[in-house]
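So the structure is just underneath, and the comments pick up after that.
Numbers restart at 1 for each chain; the letters A, B, ... are given by sequence-line order, proteins then strands. Remember, it's a predicted structure, so these values are computed and weren't measured experimentally.
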Number of protein chains: 2
Amino acid sequence: MSRIRSVPTLDDVAKKAGVSTATVSRCLNSPDRVVERTRTRVMRAVNDLGYTPNFGARVMAAKRTFTIGAIIPTMENAIFARGLQAFQEQLHSQGYTLLVSSTSYRPEIEAEQVRSLVARGADGLLLIGYARDAKIYQYLRQREIPTLIAWAFQPGTDQACIGFDNRASMQMLANKVISMGHRDIAVISGVVEGNDRAEGRLQGIIDGARDNGLDPEQIPIIETPYEIENGAKAFDTLMQRETRPTVVMCGNDVLAAGAIRRARELNLSVPDDVSITGFDDIELARILTPTLTTVHVPHREMGRRAAVELVKMVESDNPGLSEQLEISIKLRGSLKSLS
Amino acid sequence: MSRIRSVPTLDDVAKKAGVSTATVSRCLNSPDRVVERTRTRVMRAVNDLGYTPNFGARVMAAKRTFTIGAIIPTMENAIFARGLQAFQEQLHSQGYTLLVSSTSYRPEIEAEQVRSLVARGADGLLLIGYARDAKIYQYLRQREIPTLIAWAFQPGTDQACIGFDNRASMQMLANKVISMGHRDIAVISGVVEGNDRAEGRLQGIIDGARDNGLDPEQIPIIETPYEIENGAKAFDTLMQRETRPTVVMCGNDVLAAGAIRRARELNLSVPDDVSITGFDDIELARILTPTLTTVHVPHREMGRRAAVELVKMVESDNPGLSEQLEISIKLRGSLKSLS
DNA sequence: GAATCTATTGTAAGCGCTTACATTTGATTC
DNA sequence: GAATCAAATGTAAGCGCTTACAATAGATTC
């Protein structure tokens, strides 16, 4: 590595402006501690030289990187893409930069990613959901890295989080579905292992069924990774059972999109032959034919607020507040009342 | 900011292992320059103490951050989300971390983002498309920051890039459309200003029309930001003209999705009343009803290769090679032959 | 066993910045 | 105009690491 950059340093600026390095530093970091005349002179020198502070040096001296790390399952799912986009925009407007890592839904590699981001000096961390090795929490506590959990809300933990109750939300949808006369429910769930959101959603359906006098044991459940194709396959399997479900509840909109596509391929009418529901309300939901009944989650809002809260935690050293967001049921064409 | 982390340092490790800091550093960075017995002892001390190198210090001393910056228009468009996801995965596997910033399609804020990422020590930069202020290129050259342009391919520049020829690709699609008997073409284009990809695609349609003896001046063109709703609105407007187009060619799949949705809302049959085409072939294209005729672009592959190439540029200090990717036309239900 | 050479380890000089503390400047008061 | 005080600026000590160079230890040769 022989890159030789003759980049101007604080010293150069100081010399050029005829002041000390401390003054230059102050001009940049707390301008009000420097009298206007000096400041103007210094700023001109900065511009003339095209000076940019050296990141490493700054980090070392200030112990701050103004960098926030985020570890998400994948950017390919629109919910994370949207949320992360809003998160980044908000961070940017507060002077922070986003460091991104993804697990591709493999919880076992999260620990390493946490370490990597921390080693790179992330001032704070955004993580998705609660389910993870206790060692990770322990490490973060030991290093005192402010950490915010998003996309989930679990009252009663001391961990700051921002999100919604996946279980209660899905239960609300299940209640609605059942109230519309559906008794034969089938479920296409995301992979539950290591994914508390997926698990919560699945449990929500079971809760709803039980509360309404249905036997949860009777509900066929297929667990599969969140991908359109998998939703299609699962739908296929479910439709081959002797007693066909009247509704297929999916763990998210992506699986539901797959189910709807396959229904069309099988010449089944949605919702006349079978109803389908999703979760998340990504844009896709309103473009599908028929439009998809789903649970609306304010992903952008969640991302934005997560940024605000996390920066607050980083800058004030306080443990952070948890925040629960409102969800709502979006009744659309894919769900039909049987009564 | 009173965060006090009593994190172990190189010194602590050195003391514990009874060697100098230089030896510890060597154990970590070039293990073969240290004899096994010493190394074992040092590594035990590292583990016992739970030592992690301080990022800032390392950066300052080594002049490398193992961080790559990417500036994209938005993560909310699936094409960038997918590409970026693949980019990040590949970077990760090569020991780099991804720093992300987005412009929300506002070219004027890109310069600041470039500076910000460079200031944060990005070893290299990924940018989308060519169109940007010459000052940005100048700055990057002056700082000698390896930079790779993606999502576009312009032969004849010395700037390394990886992508495809938007113009030629769209022209290919236009030729196909016209060869199927369409004469009344309308266009819903993305915003061209500051976006060479959008501009290339638009020009491609014009090229195709001209080559086939159509008058490009006669083609109604609506320029609008890449959003579903905008696609819908534009479609509306186009359908109100006295001579209705037989085909609406859209600048990307998102706009096309909006157009298809609005067609349904207007009780127009696609493709019987009007054909619609897109560009990108995001997942959505195969879920729409009817499925969307579009140009397939290997976004994941592009992201992955961009990472490989960029790391190569960073590590070998060479200018980088350009690479053109293959696209293909996907003929699906939304385009009908008139002949 | 002395001389020579090589592999290993240690010493210490930065890297460029922030900031506590010291000093100087300038305004304000009497 | 001297005394007092606050504001502005300067001085210099790190921050934790890498690495050029120096020193030492161990192997090899004669």
Side-chain angles (χ1 to χ4, degrees), chain A residues 1-43 45-46 49-67 118-121 123 143, chain B residues 1-43 45-46 49-67 118-121 123 143:
Chain A
M1 215 48 24
S2 69
R3 182 152 24 266
I4 293 140
R5 295 176 196 163
S6 66
V7 173
T9 70
L10 244 208
D11 252 320
D12 300 330
V13 178
K15 281 210 189 78
K16 174 140 191 165
V19 297
S20 72
T21 61
T23 300
V24 179
S25 175
R26 276 189 286 257
C27 276
L28 267 25
N29 299 306
S30 39
D32 41 315
R33 312 226 316 85
V34 170
V35 80
E36 166 135 20
R37 227 178 109 266
T38 317
R39 204 188 326 148
T40 322
R41 196 147 38 96
V42 169
M43 291 321 261
V46 166
L49 261 38
Y51 168 77
T52 321
N54 175 294
F55 176 66
R58 187 170 224 177
V59 167
M60 189 149 82
K63 311 266 182 262
R64 296 279 314 279
T65 59
F66 290 94
T67 292
V118 170
R120 276 190 166 63
D123 290 336
R143 294 297 260 240
Chain B
M1 213 48 22
S2 70
R3 182 152 25 268
I4 293 138
R5 295 176 194 162
S6 65
V7 174
T9 69
L10 243 208
D11 252 321
D12 300 329
V13 178
K15 283 210 189 78
K16 176 142 188 163
V19 298
S20 73
T21 60
T23 300
V24 178
S25 175
R26 277 188 287 257
C27 276
L28 266 26
N29 299 307
S30 39
D32 41 315
R33 312 230 310 85
V34 170
V35 81
E36 165 134 22
R37 225 177 110 266
T38 318
R39 203 189 326 147
T40 322
R41 198 148 35 96
V42 169
M43 290 322 261
V46 166
L49 260 38
Y51 167 78
T52 323
N54 175 294
F55 176 66
R58 186 170 226 176
V59 168
M60 187 148 85
K63 312 264 180 255
R64 295 281 312 281
T65 60
F66 290 95
T67 292
V118 170
R120 273 186 167 65
D123 289 336
R143 295 296 261 240

Quiz item: Which sits closer to the 5' end of DNA chain D, R58(B) or R33(B), going by the nucleotide each is nearest to?
Solution: R58(B)
Just checking [X]: base, sugar-phosphate only, or nothing, at a heavy-atom cut-off of under 4.0 Å?
X: S25(A); value: base
X: F55(A); value: nothing
X: V59(B); value: nothing

Answer whether the closest heavy-atom distance between the side chains of [X] and [Y] falls below 4.5 Å.
X: V118(B); Y: T52(A); result: no
X: L28(A); Y: M43(A); result: yes
X: R120(A); Y: T67(B); result: yes

Quiz item: Which ones in residues 34-43 of chain B lie close to DNA chain D, meaning a heavy atom under 4.0 Å from one of its atoms?
Solution: none
Taking all heavy atoms of [X] and all of [Y], pick out the closest pair and write down the distance.
X: A45(B); Y: K16(B); result: CB-CG, 3.8 Å
X: T21(A); Y: D11(A); result: CG2-OD1, 3.5 Å
X: V34(B); Y: T23(B); result: CG2-O, 4.1 Å

Practice problem: Name the residue closer to the 5' end of DNA chain C, choosing between V24(A) and M60(B) according to the nucleotide with the nearest heavy atom. | Solution: M60(B)
Self-check item: Counterpart residues, side-chain contact (heavy atoms from CB on, under 4.5 Å), relative to V59(A) (two or more places apart)
Solution: F55(A), T65(A)
Exercise. Could you list where the contact with chain A starts and ends along DNA chain D, reading 5' to 3', using a 4.0 Å heavy-atom cut-off?
Key: dA8(D) to dG16(D)
Quiz item: Quick check: does any side chain N or O of R41(A) sit under 3.5 Å from a backbone N or O of A17(A), one acting as donor and the other as acceptor?
Solution: yes
